[in-house]
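In this chain, numbering begins with 1 at the start of the sequence shown.
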Amino acid sequence: MFPQIDALPPDIGGAVRTAVGLLREPAPTEAVAVRTGVLTLLETVSARRPLVVIVDDLQLVDRDTAEVLTFVLRG
């Protein structure tokens, strides 16, 4: 899925790259950009082929990740 990040707008793509550790940014990334980027990325990939998101050990997910997952589920 990472190559699809290049198709995202630069600000959203940068936020997703930073969130997944592909890019080091000195300032914190805006949460809304990360949420929107992940949702857009999943929508783009799922438009081309079936997609399943599996979250193992959900009880161990940190707050930021839980917020992104909640946003994606509602999207």
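Side-chain heavy atoms closer than 4.5 Å link hydrophobic residues (I, L, V, M, F, W, Y) into clusters, and following such links, even through other members, never connects Leu73 to Val55. By the rule that hydrophobic residues join a cluster once side-chain heavy atoms approach within less than 4.5 Å of another member, Val32 and Leu39 end up as members of separate clusters. In this structure, Leu60 is not a member of the same hydrophobic cluster as Val20, with clusters built from ILVMFWY side-chain heavy atoms closer than 4.5 Å.
In this structure, Arg35 and Thr70 have side chains that are not in contact, with every pair of non-hydrogen atoms separated by 4.5 Å or more.
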Take Gln4 and Leu42 through the test side chain to side chain contact (heavy atoms under 4.5 Å, CB included) and record every step on the way to the result.
-> CA-CA 9 Å; Gln4 300 299 324; Leu42 293 175; over 6 Å; no
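When each of Thr40, Val38, Val34 is tested with Thr36 by the rule side chain to side chain contact (heavy atoms under 4.5 Å, CB included), just one qualifies, namely Thr40. When each of Leu23, Leu22, Ile5, Val68 is tested with Val16 by the rule side chain to side chain contact (heavy atoms under 4.5 Å, CB included), just one qualifies, namely Ile5.
Shown here are the side-chain hydrogen bond (donor to acceptor under 3.5 Å, both in side chains) partners of Arg49, two or more places apart in sequence or in another chain: there are none.
Atom OG1 of residue Thr44 and atom CG of residue Leu8 lie 6.5 Å apart, to the nearest 0.5 angstrom.
Closest heavy-atom contact between Leu51 and Ser46: CB-CB, 3.9 Å.
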